[in-house]
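Given the structure is predicted, the values throughout are model-derived calculations rather than measurements.
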Amino acid sequence: MASVDGAKEPGAFVRQVARVVRAVPAGSVATYGDVALYAGRPGAARQVGMALRRAAHDEPDLPWHRIVNAQGGISTYKVGAGELQEALLRREGIVFRGGRIDLAAHRFRPEEPI
DNA sequence: TGTATGACAACAA
DNA sequence: CTTGTTGCCATAC
């Protein structure tokens, strides 16, 4: 059975990433590294970005904007997307200071394994 | 099978 | 603070 490992099925990582992202509540953010960790692939932070691009395209409702880099900044992949992401986060109550988010205050902390 | 790419991260200077 | 380097690993070709 596929279950959570699924390293054999193509796109398994993308689905795991999507699952983790859906667990991040409004008003909180998670770093790419965090998502990789919770997705079961610590160190695959870069792949989270690629996975997010696909996952967001596959599921428009996915809160992809809640994922930021380890510096609390926006890692834009397309012109305009960065401003959109910041706007969406502000709408959820996230505070930006010097173009950065205070991760200590907004970082997502799962109370249970994802 | 091997190489290149990329919405990152950690570290050195 | 900034810039450059290295490690990382799923996908694409």
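At least one side-chain heavy atom of A:Trp64 sits under 4.5 Å from a side-chain heavy atom of A:Leu88. Taking the side chain as every heavy atom from C-beta outward, A:Val24 and A:Tyr38 never approach each other to under 4.5 Å.
The distance between atom CD of A:Gln85 and atom P of B:dC8, rounded to the nearest whole Å, is 11 Å. Residue A:Asn69 contributes atom CG, which lies 10 Å from atom P of B:dA10 at whole-angstrom precision. Between the CZ atom of A:Arg100 and the P atom of B:dA9 there is a distance of 11 Å, rounded to whole Å. Going from atom CD of A:Gln71 over to atom C1' of C:dT3 covers 14 Å, rounded to whole Å. Atom pair A:Leu103:CG and B:dC8:C1' shows a separation of 14 Å (rounding to whole Å applied).
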Quick tally for nucleotides 6-13 of chain C: nucleotides whose base has a protein heavy atom under 4.0 Å get B, sugar-phosphate-only ones S, the rest -, giving -BBBBSS-
task = Decide side-chain contact (heavy atoms from CB on, under 4.5 Å) for A:Thr31 and A:Arg107; before the verdict, give the C-alpha distance in whole Å, the side-chain angles of both, and the deciding distance to 0.1 Å.
result = CA-CA 8 Å; A:Thr31 67; A:Arg107 198 175 202 179; 3.6 Å; yes
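Note on A:Leu62: it clusters hydrophobically with A:Leu84, by side-chain heavy-atom contacts below 4.5 Å among ILVMFWY residues.
Judged by distance alone, with hydrogens and angles left aside, the side-chain atoms of A:Gln85 form a donor-acceptor pair with the main-chain N or O of A:Ile67 at under 3.5 Å.
Under the side chain to side chain contact (heavy atoms under 4.5 Å, CB included) test applied with A:Gln71, the options A:Ile74, A:Val68, A:Asn69 reduce to a single match, A:Asn69. Each of A:Glu92, A:Arg22, A:His106 was compared with A:Arg66 under the side chain to side chain contact (heavy atoms under 4.5 Å, CB included) criterion, and only A:Glu92 meets it.
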With both pairing distances under 3.5 angstrom for Watson-Crick or G-U wobble, and | for a partner in another strand, the correct string for DNA chain B is .|||||.||||||
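Close to B:dA7, at under 4.0 Å from its OP1 or OP2, lies no side-chain N or O of A:Thr76.
Across every non-hydrogen atom of A:Ala36 and A:Ala44, the tightest pair is CB-C, 3.7 Å.
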